[in-house]
Amino acid sequence: MTEEKNPASSHFIANIIREDLQTGRYDRVHTRFPPEPNGYLHIGHAKAISIDFGLAREFGGLCNLRFDDTNPIREETEYVESMKQDIRWLGYDWDDRLYFASDYFDKLYRWAVDLIRKGKAYVCDLNADEIREYRGTLTESGRESPYRNRSVDENLELFARMRAGEFPDGSRTLRAKIDMSAANINMRDPIMYRILHATHHRTGDAWCIYPTYDWAHGQSDSIEGITHSLCDLAYEIHRPLYDWFLERLQVHRPRQIEFARLNMTHTVLSKRKLIRLVRESHVRGWDDPRMPTLCGLRRRGYTPEAIRTFCDRIGVAKRESVVDAGLLEHCLREDLNLRAPRVMAVLNPVKVVIENYPQDKEELIDADNNPEDASMGTRKILFSREIYIEKNDFRETPPRKYFRLSPGREVRLKHAYYITCTGVIKDPETGEIVELRCTYDPESKGGSTPDGRKVQGTLHWVSAPHAIKATVRLFDHLFTRENPFDLPEGADFTDDLNPESLVELENCPVEPGLASAEPGSRYQFMRHGYFCVDTVDSRPGRLVFNRITSLRDTWAKIEKKSLRLE
RNA sequence: UGAGGCGUGGCCAAAUUGGUAAGGCUCCUGACUCUGGAUCAGGCAACUGUAGGUUCGAGUCCUACCGCCUCAGCCA
């Protein structure tokens with residue numbers, strides 16, 4: 001599944017853009033993805049990336065990558081690199097348009113001086129607590145700072161001295177002079193610059209005052225000639241402030257449009273919560289395959305194509321919603337079904353001895369690699385007298401509608417022969433089934449017989465003497481609840497962590513051909529699901545597979561239902 | 001009791017700026033099948049937050065109400 005023909009997007013942002021193009025408000029489309037380099041990108045960012053880059057692509061425009069690095073204390077080059085990698089992996093490209101808000105520090109500084117000259121900004125000596133006090137509350141208006149009416153000259157001088165490093169951190173700020181009684185708190189003389197004697201990941205020690213996000217963001221978009229600034233609903237209330245700055249500065253004005261961020265069932269997507277999962281070792285790091293981070297999903301084996309399809313299908317709207325994680329899994333199956341080579345692996349093995357098959361005979365059997373795609377060819381698999389099958393594929397007393405093996409019943413071994421169960425060997429102590437005895441029908445080679453008789457079940461298997469052993473990690477939702485925030489009073493979201501989100505199986509017999517499987521390559525383990533060779537822990541002789549997602553399991557559903565009925 | 005947003009089937013989400021509710025996921029049937037996979041065909045399910053109003057006709061316009069979200073960092 002690759003380039004599916006995208007019909008023109010019909011969500012509200014696309015409609016606005018179409019209209020802007022028609023009315024001539026803009027004659028082109030230029031967007032940008034503006035992350036702060038202070039963490040790892042996750043599936044929620046993938047939605048934003050897909051909107052920003054996708055819309056530009058759809059309308060024949062451009063999309064910049066700009067890092068909003070206005071806070072030297074939190075930002076690191078390491079994050080810049082990981083974000084670039086993740087965006088490229090997703091399949092998007094910013095060409096030569098890689099920018100940083102810090103590229104604009106000089107310009108921003110000059111603009112600030114302009115505003116001071118126009119009497120629209122002033123240096124305030126209030127400390128953080130005092131500023132909060134003066135700001136007022138949601139229902140009461142604020143009070144003007146006693147420093148609000150300094151002369152332009154004094155402001156100019158003080159601002160220059162702030163920049164020169166004459167004052168300690170937090171002692172002064174530069175504020176926009178707007179309206180302390182504004183109903184929108186963001187308009188109550190917001191801070192434009194704060195003093196921070198900190199080393200910036202790119203500008204080093206060139207600055208000791210740094211612009212706030214609110215002061216930097218709109219102007220950065222303006223400088224880059226952005227036409228449509230797409231962002232999170234959270235910035236809706238800031239829009240009047242961005243427009244205020246741009247208007248005073250008399251510069252190019254992008255149109256900001258806000259959309260709802262992504263939420264997904266059974267996981268969390270807030271930076272704060274993800275950090276806790278890592279710090280408190282609930283997962284094995286940022287790239288733990290259970291994490292919703294892009295590096296986690298990548299390691300798990302998710303494909304960029306599936307993630308893009310997912311982003312297309314969830315739509316874009318202003319209403320906050322929670323998308324069913326099942327949709328992402330669906331997109332994965334849809335993609336992998338067409339591309340993943342099929343292979344046989346037994347996760348919970350029980351040995352089967354085929355009594356009428358010669359002791360030292362072995363056979364090479366042809367098997368197609370993907371029934372969906374003949375061009376993926378065939379391979380040879382080994383068959384012998386002793387094989388492994390799934391414990392689950394045998395029942396001593398089969399329930400109704402059970403198609404698999406049971407005493408006296410005949411089933412097909414995929415690609416190989418029909419076998420009939422003739423005996424069960426149990427551990428005399430525990431009663432556990434340790435081995436099954438079967439006979440095979442030599443006529444059934446290849447999976448069918450001359451008499452054309454039907455069997456109900458087809459099992460996967462691996463030849464015991466030829467099998468190689470692998471570690472297989474089965475992942476499940478990180479959180480048990482659909483919404484990990486819907487918790488009883490006083491509970492913490494970590495209380496809902498799924499204890500079975502990772503089940504590790506050792507020594508699973510798999511086809512010997514898998515010995516050469518490349519890290520990162522994906523397979524379908526027949527009748528199980530899609531698996532990916534782990535890029536971190538897997539090595540020759542010690543294969544580790546991650547389950548990307550399971551196959552749809554109709555039998556599990558039937559079984560569960562009948563259990564409920566009993 | 002400030003301001004700004006949002007409310008369409010179980011979950012997402014459309015509806016040519018009033019014309020009589022797309023599509024996807026889920027779920028359920030059936031067909032087919034050497035993966036109880038895939039595929040195909042079909043089906044269940046919404047009086048569009050509530051109550052009024054305008055209109056021949058309203059998810060789309062008006063009024064009132066209800067619910068939910070965001071904002072009081074020198075974070076972004």
Side-chain angles (χ1 to χ4, degrees), chain A residues 7 10-12 34-36 38 68-71 73-75 124 126-128 131-133 135-142 169-175 182-188 190-196 209-210 212-214 216-217 231-240 258 260 265 271 312-331 333-334 337-338 342 344 367-368 371-372 401-404 412-416 418 444 446-448 454-460 482 524-529 550-559:
Chain A
S10 63
H11 58 254
F12 78 105
E36 182 192 18
N38 78 333
D68 271 338
D69 53 351
T70 54
N71 186 346
I73 295 164
R74 317 202 318 171
E75 294 143 9
C124 182
L126 257 24
N127 65 34
I131 285 187
R132 191 181 322 120
E133 258 180 65
R135 184 152 36 222
T137 67
L138 295 176
T139 50
E140 306 157 45
S141 87
D169 287 5
S171 60
R172 281 174 226 259
T173 55
L174 183 75
R175 296 228 256 163
N184 182 344
I185 290 190
N186 294 295
M187 302 299 272
R188 321 242 261 230
I191 288 161
M192 297 164 60
Y193 275 94
R194 59 314 199 177
I195 302 174
L196 284 175
I209 58 171
Y210 290 93
T212 57
Y213 175 87
D214 277 346
H217 189 78
C231 64
D232 195 295
L233 249 26
Y235 296 102
E236 209 156 21
I237 306 206
H238 295 247
R239 182 168 11 109
E258 309 84 7
T265 57
K271 207 173 277 180
D312 280 346
R313 293 197 185 160
I314 56 179
V316 182
K318 294 192 78 152
R319 117 178 51 159
E320 295 186 63
S321 57
V322 182
V323 174
D324 191 337
L327 180 58
L328 217 204
E329 290 178 23
H330 169 83
C331 295
R333 292 190 189 106
E334 191 175 70
N337 175 46
L338 301 178
R342 274 113 259 208
M344 295 198 280
D368 54 348
E372 302 292 328
K401 292 190 184 170
Y402 187 81
F403 298 164
R404 281 109 101 143
R412 169 165 45 232
L413 295 174
K414 180 76 185 173
H415 300 306
Y418 289 5
S444 64
S448 57
K454 301 277 185 196
V455 290
Q456 279 201 106
T458 299
L459 311 186
H460 61 276
E482 274 208 350
Q524 184 196 99
F525 286 2
M526 295 198 81
R527 303 208 304 137
H528 279 300
S550 62
L551 247 29
R552 279 188 61 219
D553 191 346
T554 308
W555 165 244
K557 243 179 249 175
I558 295 170
E559 201 178 24

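Naming: A, B, ... by sequence-line order, numbering from 1 per chain. Just the heavy atoms: all of them, side chains too, but no hydrogens, waters or symmetry mates, feed the values below.
When distances are taken from the side chain of A:Thr554 to each of B:A3, B:A76, B:G37, the shortest belongs to B:G37.
In terms of phosphate contacts, A:Arg319 brings no side-chain nitrogen or oxygen within less than 4.0 Å of OP1 or OP2 of B:G5. Distances shown here put a side-chain N or O of A:Thr70 below 4.0 Å from the OP1 or OP2 atom of B:A76. Remark: A:Lys557 is in phosphate contact with B:C27, judged by side-chain N or O atoms under 4.0 Å from OP1 or OP2. For the OP1/OP2 pair of B:A76 and a distance below 4.0 Å, the side-chain nitrogens and oxygens of A:Arg194 include at least one atom meeting the criterion. At the phosphate of B:G73, neither OP1 nor OP2 sits under 4.0 Å from any side-chain N or O atom of A:Thr212.
Residue A:Leu413 is out of contact with every strand shown, counting any heavy-atom pair closer than 4.0 Å. When heavy atoms are screened at a 4.0 angstrom cut-off, A:His238 is found touching base atoms of the nucleic acid. Across all strands, A:Val316 comes closer than 4.0 Å only to sugar-phosphate atoms, never to a base (heavy-atom distances). Base contact: A:Ile191 has a heavy atom under 4.0 Å from a base atom. Residue contacts shown for A:Tyr418 are absent, as no nucleic acid heavy atom lies under 4.0 Å away. Residue contacts shown for A:Tyr210 are absent, as no nucleic acid heavy atom lies under 4.0 Å away. Nucleic acid contact for A:Gln524: base, since at least one base atom lies under 4.0 Å from a heavy atom of the residue. Using a 4.0 Å heavy-atom distance criterion, A:His460 is classed as making no nucleic acid contact. Counting any heavy atom pair closer than 4.0 Å across all strands shown, A:Thr137 reaches a base atom. Among the atoms of the strands shown, base atoms are found under 4.0 Å from some heavy atom of A:Lys401. A:Pro35 comes within 4.0 angstrom of no nucleic acid atom, judged by non-hydrogen atoms across all strands. At the heavy-atom level, A:Ala317 lies under 4.0 Å from the strands shown only through sugar-phosphate atoms. Nucleic acid contact class of A:Lys414 (heavy atoms, under 4.0 Å, all strands): base. If you check every strand for non-hydrogen atoms under 4.0 Å, A:Arg552 touches sugar and phosphate atoms only.
Figure legend. B:U20 is base-paired to no nucleotide; pairs are counted as Watson-Crick or G-U wobble with both atom distances under 3.5 Å. Base pairing of B:C40: its partner is B:G30, meeting the Watson-Crick or G-U wobble criterion (both donor-acceptor distances under 3.5 Å). Judged by Watson-Crick or G-U wobble contacts below 3.5 Å, the nucleotide B:C61 has B:G53 as its partner. B:C74: no Watson-Crick or G-U partner with both key distances under 3.5 Å is found in any strand. Across all strands shown, B:C68 forms a Watson-Crick or G-U wobble pair, both distances under 3.5 Å, with B:G5. Shown here, B:A14 forms no base pair; nothing in the strands shown gives a Watson-Crick or G-U wobble contact with both key distances under 3.5 Å.
Judged by distance alone, with hydrogens and angles left aside, A:Arg404 brings a side-chain donor or acceptor within reach of the base of B:G36, the pair sitting under 3.5 Å. Residue side chain A:Glu372 reaches the base of B:G37 through a donor-acceptor N/O pair under 3.5 Å, judged by distance alone.
The separation of B:A13 from B:G59, taken at their C1' atoms, amounts to 14 Å, rounded to a whole angstrom. Comparing the C1' positions of B:A76 and B:C44 gives an interatomic distance of 46 Å, to the nearest angstrom. B:G52 and B:C12 are spaced 28 Å apart, taking the P atom of each and rounding to whole Å. Of the P atoms belonging to B:C28 and B:A45, the separation is 16 Å, rounded to the nearest Å. The separation of B:A58 from B:G4, taken at their P atoms, amounts to 30 Å, rounded to a whole angstrom. Nucleotides B:G23 and B:A41 have their P atoms positioned 13 Å apart, rounded to a whole Å. Rounded to whole Å, the C1' atom of B:U26 lies 37 Å from the corresponding atom of B:A64. Rounded to whole Å, the separation between the P atoms of B:C27 and B:G10 comes to 16 Å.
Annotated as syn: B:G73, whose O4'-C1'-N torsion sits within 90° of 0.
The six-membered or imidazole ring of A:His460 lies near that of A:His528, with a centre-to-centre distance under 6.0 Å.
Note on ring orientation: taking the six-membered ring where Trp is involved, the planes of A:Tyr402 and A:Trp555 are perpendicular (angle over 60°, cut-offs 30° and 60°).
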Using the side-chain contact (heavy atoms from CB on, under 4.5 Å) rule, take A:Arg527 and A:Leu459 through it: C-alpha gap first, then chi angles, then the decisive distance, then the call.
-> CA-CA 8 Å; A:Arg527 303 208 304 137; A:Leu459 311 186; 3.7 Å; yes

What do the steps show when you test A:Leu328 against A:Val323 for side-chain contact (heavy atoms from CB on, under 4.5 Å), and what is the final call?
-> CA-CA 9 Å; A:Leu328 217 204; A:Val323 174; over 6 Å; no

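Position along RNA chain B of the nearest nucleotide to A:Ile314 versus A:Phe403 favours A:Ile314 as the more 5'-ward residue. Mapping A:Val323 and A:Asn71 onto RNA chain B via the closest heavy atom, the residue that lands nearer the 5' end is A:Val323.
Residues A:Ile191 and A:Ile131 have side chains in contact (heavy-atom distance under 4.5 Å, counting atoms from C-beta outward).
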